[in-house]
Trainee: 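A single structure is presented below for examination.
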Amino acid sequence: MPESPDYEPVIGLEIHIQLQTETKMFCGCKLEFGAEPNTHTCPVCLGHPGALPMTNEQAVEYAIRVGLALGCEIAPRSIFHRKNYFYPDNPKGYQISQYDEPLCSGGRLGDVRIHRVHLEEDAAKLTHVGESGRIHGSDASLVDFNRGGTPLIEIVTEPDIHDPAEAREWLTLLRETIRQLGVSDVNMEEGSLRADGNVSIRPVGSKELGVKTELKNMNSFRFLERGIAAEIERQKAIVASGGRVEQETLHFDPASGSLTSLRSKEEAHDYRYFPEPDLLPLAPRPSTSRRSARACRSSPPSAASATRASSASAPTPPSCSPTTPRSPPSTRRRWPPSRTSIPSSSPTG
Amino acid sequence: MEDGVREVMERTIALCESLGATVAETSLPNARYGISAYYVIAPAEGSANLARYDGVRFGERVAAEGLDDMYELTRAAGFGPEVKRRIMLGTYALSSGYYDAYYGRAQRVRTLIARDFENAFADHDVLITPTSPSVAFELGSRAADPLAMYMSDYCTVPMSLAGVPAISIPGGLAAAPDGGPELPVGVQLVGPAFGETALLDAAHALESAIGFDTNAAWRGGADA
């Protein structure tokens, strides 16, 4: 039998960060970690009939600050989408997020390229009452809507990470960068920083990507490294025995080191994304973008210089200025399309 | 357009001219696709808007063993047949592989309809149309035929899609094609986006001139 080739891991990260704004992403409820359950809620974040969202400008400013620090292109116009699914922590039955027109795209931090950064709202917090604290075998589940509606940015990297230790180190670099921007306390224990890993393997030297799995529930930097390492071993074992890696979402249990399938590709949700009809497109005001750029520049020099040395490229410090010029006012689309009776200053202009 | 509707419209347009309006015909070439576009877009958005009725936080809840059963039983009990019909249509129109053909396309048609109104309002201040293609029909007489019901919206749905203000006022009474008592006919006035003030002024003037006696109509009296 021919010797099987060596396989190398290919890793990407999806990171969710809670923004430390005064109020929630789409309503005026205050954010307070550790508050008595269901004391910071309103018809909007409870998904009551007739309630409508309103975009939090501070969240947009913070998100642009992050995008600039990561060297992203800031879209002059982006839109919100509805991500539709049923779950008790999702009161409207859809999460307001961004899909194919995100706020930020491109960018780089250290050796890892950024694919995109977008804004969305957090789900409520579920607590499962039972021995393990997990949903299986629990007697009941409780929902705390205080967290529901918290502004989140989701950062998706390119699959540029090569091993579990690098994943941990890079995430540490990202955390420090975000912390110094003053937009989040990025605390994994408190849930203001959450990271999922996308893991695949391929023969060394190949340029193609293998089937990737998504790893969830790695709620510390150590567990992130261990979870990714365990998944790499699992995939290598499958391939070595002649099998194929299946696309699926896995839950890592740090105590046992085991990986359990949460859902397979066939059970994957069809989120039926469509543009959020209750919100205007996000076209940040020049004053908002300027505030973000100023805040980005005035934050302490990031730990970008602490990035691990790479023979391929020198680390790129955050640029704090957009990589493309903002569109001039005359080309920004206005709504409604009618050219009669439009007030001279539109809400987005 | 039923004959009864046409008669009321012609009388009303003549009345507008006597009040000093300059009346001309204009065309909204894509408005004919309004029903098709609307009955993709509205159920699609409705299928998402109605997802919050899940028995978790408010309203009716049908108890069940598991979460999915609770969702299904609660929503089956809580929604009537027309709502269920629209949720199913809407979910389908948004589902993977169908979005571009249905929701995506319908939204592009919507833009064309909106532009038709923009063009019309470049040359005119107010548009006047029937509110419905038919004289009022008896309650329940079209309940068994959802498509016939939807077609009643033919004259009003383009305005909803375009986001322009519109108002319906009683124009008079007329008999339906199959005979029977004379029943109301609505007249619709339409204005440009954010042009509610002028539109309401025009509607008020026309309503006063028509002098439709709602109470007399209820009692089965002669029309104004």
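A, B, ... follow the sequence lines: proteins, then strands. Residue 1 opens every chain.
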Trainee: Heavy-atom count around K212(A) NZ within 6.0 Å, excluding the residue itself: above 12?
Mentor: no
Trainee: Do you know the tightest heavy-atom contact between A51(B) and G93(A)?
Mentor: CB-CA, 3.8 Å
Trainee: Is the number of heavy atoms from other residues, nucleotides or ligands within 6.0 Å of CD (E22(A)) greater than 12?
Mentor: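 No, the 6.0 Å shell around CD holds no more than 12 heavy atoms from other groups.
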Trainee: Could you look at T91(B) and say if it's the side chain, the backbone, both or neither that has a heavy atom under 4.5 Å from chain A?
Mentor: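 T91(B) touches chain A through backbone and side-chain heavy atoms alike.
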Trainee: What's the shortest heavy-atom distance between F58(B) and G47(A), and which atoms?
Mentor: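 What the structure gives for the nearest pair is CE2-O, 3.7 Å.
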Trainee: Measure the CD-CZ distance between E72(B) and F86(A) for me, rounded to the nearest 0.5 Å.
Mentor: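 The CD atom of E72(B) sits 10.0 Å away from the CZ atom of F86(A).
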Trainee: Just checking R32(B): does its CZ atom have more than 12 heavy atoms from other residues, nucleotides or ligands closer to it than 6.0 angstrom?
Mentor: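 Counting other residues, nucleotides and ligands, CZ of R32(B) stays at 12 neighbours or fewer.
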Trainee: Just wondering, more than 12 heavy atoms not from R105(B) lying within 6.0 Å of its CZ?
Mentor: no
Trainee: Please tell me whether R272(A) and Y99(B) have a donor and an acceptor in their side chains that are separated by less than 3.5 angstrom.
Mentor: no
Trainee: Does a sphere of radius 6.0 Å around OH in Y150(B) hold more than 12 heavy atoms from other residues, nucleotides or ligands, not counting ones at 6.0 Å or beyond?
Mentor: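 More than 12 heavy atoms, drawn from other residues, nucleotides or ligands, come within 6.0 Å of this atom.
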Trainee: Taking side chain as C-beta onward, heavy atoms only, is P91(A) less than 4.5 Å from V56(B)?
Mentor: no
Trainee: Quick one: pull up OH in Y71(B) and OH in Y87(A) and give me the separation to the nearest 0.5 Å.
Mentor: 8.0 Å
Trainee: Does atom CG (L52(A)) have a neighbourhood of more than 12 heavy atoms from anything else shown, all under 6.0 Å?
Mentor: yes
Trainee: For the CD atom on E65(B), are there more than 12 heavy atoms of other groups (residues, nucleotides or ligands in this structure) within a distance under 6.0 Å?
Mentor: no
Trainee: Under 4.5 Å from any heavy atom of chain A, what part of Y53(B) do you find: side chain, backbone, both or neither?
Mentor: side chain
Trainee: Would you please test N38(A) and R57(B) for side-chain hydrogen bond (donor to acceptor under 3.5 Å, both in side chains) and show each step?
Mentor: CA-CA 12 Å; N38(A) 294 312; R57(B) 298 164 312 294; over 6 Å; no
Trainee: Distance-only, no hydrogens or angles: does the D270(A) side chain make a donor-acceptor pair with backbone N or O of S96(B) under 3.5 Å?
Mentor: yes
Trainee: Can you see which heavy atom on E45(B) is nearest to which on R82(A), and at what distance?
Mentor: O-NH1, 3.9 Å
Trainee: Considering only heavy atoms, which portion of N49(B) lies under 4.5 Å from any heavy atom of chain A: side chain, backbone, both, or neither?
Mentor: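 Both parts, heavy atoms under 4.5 Å.
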Trainee: Is there a donor in the side chain of R52(B) and an acceptor in the side chain of N90(A), or the other way round, less than 3.5 Å apart?
Mentor: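 Judged by distance alone, the side chains do not pair up.
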Trainee: Hey, could you give me the CZ/CD1 distance between F274(A) and I41(B), rounded to the nearest 0.5 Å?
Mentor: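 The distance works out to 11.0 Å.
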Trainee: When you look at CD of E32(A), are more than 12 heavy atoms from neighbouring residues, nucleotides or ligands closer to it than 6.0 Å?
Mentor: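 More than 12 heavy atoms, drawn from other residues, nucleotides or ligands, come within 6.0 Å of this atom.
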